[in-house]
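Data first, discussion second: the structure below is written as structure tokens.
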Amino acid sequence: MQVLEARKNQVFCDDTVPFRIECEKQSLAGSVSQRACVFCGSRVVLYPIADAIHLVHGPAGCAAYTWDIRGALSSGPELHRLSFSTDLREADVIHGGEPKLTKALQELIDRYHPAAAFVYSTCIVGVIGDDVAAVCKKVSAAKGIPVLPVDSEGFKGTKKDGYKAACLALMQLVGKGPTAGISPYSVNILGDFNLAGEIWIIKEYFQKIGVAVVAGITGDGRVAEIERAHGAALNLVQCSGSTKYLAELMTEKYGIPSIQVSYFGIEDMAESLYSVARHFGDPEMLRRTQELVREEIQAIYPQIGEYRRALAGKKAAIYVGGAFKAFSLVKALRLLGMETALVGSQTGNREDYRLLKELCDPGTIIVDDSNPLELAEFIQAKEVDLLVGGVKERPIAYKLGIGFCDHNHERKIALAGFVGMLNFAREVQASVSSPVWQFAPRRAR
Amino acid sequence: MLLRHTPKEIKKREALTVNPAKTCQPIGAMYAALGIHNCLPHSHGSQGCCAYHRSALTRHYKEPIMASTSSFTEGASVFGGQANLVEAINNIFTIYNPDIIAVHTTCLSEVIGDDIPQIISKARDDGKIPEGKYVIHCNTPSFVGSHVTGFANMVKGMVQYFAESDGVRKDQVNIIPGWVEPSDMREIKRLVAEMGVKSVLFPDTSEVLDAPLTGRHQFYPKGGVTVAQLKSTGDSIGTIALGNLASLPAAEALEVKCKVRYESLEIPYGLLATDRLINTLRQMAGVEVPETINLERGRLVDVISDMQNYFYGKRVALFGDPDQLIPLCEFLVTLNMRPVYVVTGTPGKRFEEKLAEVLKDIPEARFKQAADVFLLHQWIKNEPVDLLIGNTYGKYIARDEDIPLIRFGFPIVDRIGHSYFPNVGYSGALRLVEKILNALLDRQDRDSKEEQFELVM
């Protein structure tokens, strides 16, 4: 199999040697990487805050490409689904964009009366010397709402640095609100973005076991809730890359402990609920959790069994943004009787990959920051039946004549929670079983 | 109620763009470069640019979009992107092995001031460009123009890098199709061939972005204009540039470089624009219009006559790109419809000048360049329309105002068809007529009272 020489250490496919993989590297110049930038990282984390203005300071493109492309649902306001930009032109690049930014912010705040405003810096903002923080401070003072600069110039690191910048902006909000009346059994949900309404499923579980959710960060997010988040007793962190840093900052500043959870797959969903119940140490809560888990599993298990019979022995490939999600996916696929032949991520770290290697069957290929050429070759060599990935991976899977499941922001059906496992099984079966693949010449029988 | 946030009252905005009707230059350059055979578009900037463009094109075409990036870091922003680009060129030829790398810039590399031709020659001097392979480029600063400008710049780059003349005229016509779909490019080629004219169409994304399922991932699909074809454009009889913004710069460059005369036309959407293309082809190539083309035209006119009463007076709002909107509005006028609101995000005075001509008999018409979809929505809120024509983002307005939407333009991310069924030419116009009628008549069927519900229409 052909791998760029300089990428050889980012691919592990030989079980006869001890496991090692290089990662957290800058992508090779010239590679057709599936990765994005700092701005993208910040934008995806903050985007679901629905009662805030999200103003992209830069030329039109960065705002246009991120206009309502993620299905982060809101139960109320939907300001986040609009696209706001300063649309910087040549004259602004020459003379500076600060006047335009100031005006744009004033116009926006006067028009929409948002609870807060986020201002995203794009690549050229720093280079042309705009002092975004100063503008934000001035407008914030004048308008009386938080106006938060997000230090997200695209080239200043990786998508992960964008997560960090978003967390720093969020920390500006946390601590501003009142905490009176918050239950001692309370949590913040970090790292769920309410794609396809997933946070609503999770919130219902917590309600049933007697745990109050103070803030969704940022799924179905509201500024006032985030401002009260420091009143919660515990932070639940999903999607390790995006909000782990915020949890760390909150532990440091407010002493709030955090646990890492995952809502994907029966095993991880149940364990996440149990770990919350164990944390609070309330026997009644533990009992309610056991009851909930039992009921939920009973409700879906017979159907899962049917899907398992249909899917047993099929092979999957996983290529996702963060490695943490891959753990749950490997387990969920295993529950469906499927073997993971290839697993990779855009941004995993060494520990993630070590754990993945441990979790997977021998022979599984592990890749960091892969590209279409590699993915296609591995998928064909391993005779994979299903690819789990995001928007750029989907057409590659289809061209190869195999099934696909979007486990990224273009998912249309909730994949979190127990019901999400059933939905996942149905999605996988729907795609893998499509009669169309037999018409792909490579796979024709 | 998604756009409940759009107020009816129109206030002047000086600095703010809400819901854009354009995007930035580099994606246009990427799309154009995909229309060259065995070419890998290369984005000289941060990784995100390339990822966003690939994602956006993937959503629109539902095809794998291959493009590479210089993966800028903080170092590149300080010391310039030369090292990144030279390394990228080396890596690309080593592993992805294209015939051509088509480099476009981004706002970052423009502001830093990277000199791309100089970097390319450095790469050549360093032996990073194998024999018989090419690296071409165009500048696409995101803060100038729009995605259409980027497309135009890459097409012009094709002329500047490849067109050459050996002094012997070739019996062929150059067609620059402008920013249209692969289906449209295929249809233009068919029309030209039907006229008995040989042609080189560039760029040509047919059989690149509508490739069949084979069970293999073809990094470089079959289609695209070849280097040999591009070189030969310098000896063609003439050039027909379709779309003033997207195609004229390349046609002008070719005239300057190789003295190939050109005709600048609108993209052939609708009856009259197609007539002008056919007529220009006839004159330029010295051929007769064959009966088959007359038949196609006749069928279109026949259908319009059959249904003309349903078009009369219908108010239409449109948004998209100038090159597309101008002929499209002309066609709506031909149908006796009233394009009353027309908005493009792409800056440029010609849009308003041309529409003033095309819409001279529609005094209530309002049109604006460098505007956004938010403004269009506000106009519609103030006085409703019967039909909306625009890209997928029009669906918010369509839902909120309960107006039928015809998807047209870029991007279309929630329906298929644009890659496969053309809108250009007489048959494309017939398809547009069908779409317009379906939208209007479905609405009439839905809204009419039971006693007025018609079987025959």
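Lettering of chains follows the sequences in order, A, B, ..., and the numbering in each one begins at 1.
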Mark yes or no for whether Ser43(B), through its side chain, and Cys49(B), through its backbone, hold a donor-acceptor pair below 3.5 Å.
no

Test item: Val32(A) and Leu373(A) side chains (from C-beta on) under 4.5 Å apart, heavy atoms
no

Hey, which residues of residues 52-63 of chain B are touching chain A, say heavy atoms under 4.5 Å apart?
Tyr52(B), His53(B), Arg54(B), Ser55(B), Ala56(B), Thr58(B), Arg59(B), Lys62(B), Glu63(B)

Contact leader toward chain B among Thr122(A), Leu79(A), Ile402(A), where contacts are heavy-atom pairs under 4.5 Å
Leu79(A)

Test item: side-chain donor near acceptor, Glu78(A) and Ser74(A), under 3.5 Å
no

Answer with side chain, backbone, both or neither: which region of Val144(B) has an atom nearer than 4.5 Å to a non-hydrogen atom of chain A?
side chain

Can the ring centres of Trp437(A) and Tyr398(A) be said to be less than 6.0 Å apart?
yes

Given Asp406(A), which of Arg411(A), Lys392(A), Arg70(A), Arg394(A) fulfils the salt bridge (Lys or Arg N to Asp or Glu O under 4.0 Å) condition?
Arg394(A)

Do Lys25(A) and Asp369(A) sit within salt-bridge range, that is, some charged N less than 4.0 Å from a carboxylate O?
no

In terms of side-chain heavy atoms, does His42(B) have a donor or acceptor partner in Ser68(B) at a distance below 3.5 Å?
yes

Ignoring hydrogens and geometry, is there a side-chain-to-backbone donor-acceptor pair from Ser109(B) to Thr106(B) under 3.5 Å?
yes

Quick check for you: among Val436(A), Val391(A), Val38(A), which has the greatest number of heavy-atom pairs under 4.5 Å with chain B?
Val391(A)

Thr214(B), Ile92(B), Val373(B): which one forms the most heavy-atom pairs within less than 4.5 Å of chain A?
Thr214(B)

What residues of residues 97-106 of chain A sit under 4.5 Å from chain B when you count only heavy atoms?
Lys100(A), Lys103(A), Ala104(A)

So, do Phe39(A) and Tyr65(A) have ring centers that fall under 6.0 Å from each other?
no

Side chain Thr140(B), main chain Thr105(B), donor-acceptor under 3.5 Å
yes

Under 4.5 Å from any heavy atom of chain A, what part of Ala211(B) do you find: side chain, backbone, both or neither?
both

Please check if the number of heavy atoms outside Ile94(A) that lie under 6.0 Å from its CD1 is greater than 12.
yes

Side chain / backbone / both / neither for Ile379(A) at chain B, heavy atoms under 4.5 Å
neither

Is the backbone N or O of Leu16(B) less than 3.5 Å from a side-chain atom of Arg13(B), with the two atoms forming a donor-acceptor pair by type?
yes

Those residues at least two apart in sequence (or on a different chain) that pass side chain to side chain contact (heavy atoms under 4.5 Å, CB included) with Lys349(B) are Glu353(B)

Starting at CZ of Phe72(B), measure out to CG of Leu108(B) and round the result to the nearest 0.5 Å.
5.5 Å

In terms of heavy-atom pairs under 4.5 Å, which option from Cys123(A), Ala397(A), Gly401(A), Ser83(A) contacts chain B the most?
Ser83(A)

Side chain, backbone, both or neither: which part of Ile101(B) has a non-hydrogen atom closer than 4.5 Å to chain A?
neither

Non-hydrogen atoms of chain A under 4.5 Å away: do they reach the side chain of Phe219(B), the backbone, both or neither?
side chain

Select one option (side chain, backbone, both, neither) describing which atoms of Phe93(B) are under 4.5 Å from chain A's heavy atoms.
neither

Return the option, out of Leu40(B), Val18(B), Ile89(B), with the maximum number of heavy-atom pairs under 4.5 Å with chain A.
Val18(B)

Pick one of side chain, backbone, both or neither for His217(B), based on which atoms fall under 4.5 Å of a heavy atom in chain A.
both

Cut-off 3.5 Å, side chains only: do Thr392(B) and Asp414(B) have a donor facing an acceptor?
yes

A quick test of your reading: do over 12 heavy atoms of other residues, nucleotides or ligands sit less than 6.0 Å from CD of Glu24(A)?
yes

What is the ring orientation for His147(B) with Trp179(B), classed by angle as parallel under 30°, tilted 30 to 60°, or perpendicular over 60°?
perpendicular

With no hydrogens and no angle check, do the side chains of Tyr319(A) and Ser345(A) hold a donor and an acceptor under 3.5 Å apart?
no

Go through the side-chain N and O atoms of Tyr396(B) and Asp68(A) and say whether any donor and acceptor fall under 3.5 Å apart.
yes

Please classify the contact of Glu90(A) with chain B as side chain, backbone, both or neither, using a heavy-atom distance under 4.5 Å.
both

So which part of Pro212(B) gets closer than 4.5 Å to some heavy atom of chain A, the side chain, the backbone, both or neither?
backbone

Heavy-atom distance under 4.5 Å to chain B: side chain of Val93(A), backbone, both or neither?
side chain

Per-residue contacts, residues 153-165 of chain A versus chain B, heavy atoms under 4.5 Å:
Gly154(A), Phe155(A), Lys156(A)

Please rank Ser85(A), Gly126(A), Gly41(A) by heavy-atom pairs under 4.5 Å with chain B and give me the top one.
Ser85(A)

Which of Ala376(A), Pro441(A), Cys62(A) touches chain B most, by non-hydrogen pairs under 4.5 Å
Pro441(A)

Does either side chain, that of His44(B) or that of Asn84(B), offer a donor lying less than 3.5 Å from an acceptor on the other one?
no

Tell me, out of Asp92(A), Thr86(A), Leu108(A), who's got the most heavy-atom pairs with chain B below 4.5 Å.
Leu108(A)

Contacting moiety of Tyr112(A), where chain B heavy atoms sit under 4.5 Å:
side chain

The test is side-chain hydrogen bond (donor to acceptor under 3.5 Å, both in side chains); show your working for Tyr120(A) and Ser42(A) and say whether it passes.
CA-CA 8 Å; Tyr120(A) 301 82; Ser42(A) 293; over 6 Å; no

